[in-house]
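Below: one structure, written as structure tokens.
By convention here, the first residue in the shown sequence is residue 1. None of these values were measured; they are calculated from a predicted model.
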Amino acid sequence: AAHGNAGTATVTPALAACSKALVATLTKSETLPTYTVNAPSKPASSEIDPNSFTVLAHSATTRQLLAKASCKATPTGEIVSFKTIPVKS
């Protein structure tokens, strides 16, 4: 309904959980804002944790950045850490 995913790349449970957590910080009513989960490009280094993300929420109509957060989850989608990052206006 309110969420979906774009592109052909696989969205991992960790990325989906981090994206849902960010959208939940925006929810002021029972209706979630429309959002899209995009899988990041493959990490350039094996030292980068594949389950850590900077997630962004944009307005579906204006593409304005609404929120961003740093998030780490387990491979199965359980949030380990989540911290919102201030959005400059």
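The side chain to side chain contact (heavy atoms under 4.5 Å, CB included) check on T61 picks up S59, with sequence neighbours excluded. Residues passing the side chain to side chain donor-acceptor pair (under 3.5 Å) test with T84: none are found, sequence neighbours excluded.
Residues L15 and V55 are in side-chain contact: their nearest non-hydrogen atoms beyond the backbone lie under 4.5 Å apart.
Across all non-hydrogen atoms, the minimal contact from H58 to R63 is CD2-O, 3.2 Å.
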Show me the donor-acceptor pairs within less than 3.5 Å that the side chains of residues 65-77 make with the rest of the protein, sequence neighbours left out.
from: K72; atom 1: NZ; to: D49; atom 2: OD2; distance (Å): 3.0
from: T74; atom 1: OG1; to: T76; atom 2: N; distance (Å): 3.4
from: T74; atom 1: OG1; to: T76; atom 2: OG1; distance (Å): 3.0
from: T74; atom 1: OG1; to: G77; atom 2: N; distance (Å): 3.4
from: T74; atom 1: OG1; to: E78; atom 2: N; distance (Å): 3.0

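A distance of 15.0 Å separates OG1 of T25 from NZ of K20, quoted to the nearest 0.5 Å.
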For side-chain contact (heavy atoms from CB on, under 4.5 Å), just list the numbers for T12 and F53, CA-CA rounded to whole Å, side-chain angles, deciding distance to a tenth of an Å, and then say yes or no.
CA-CA 11 Å; T12 65; F53 306 95; 4.0 Å; yes
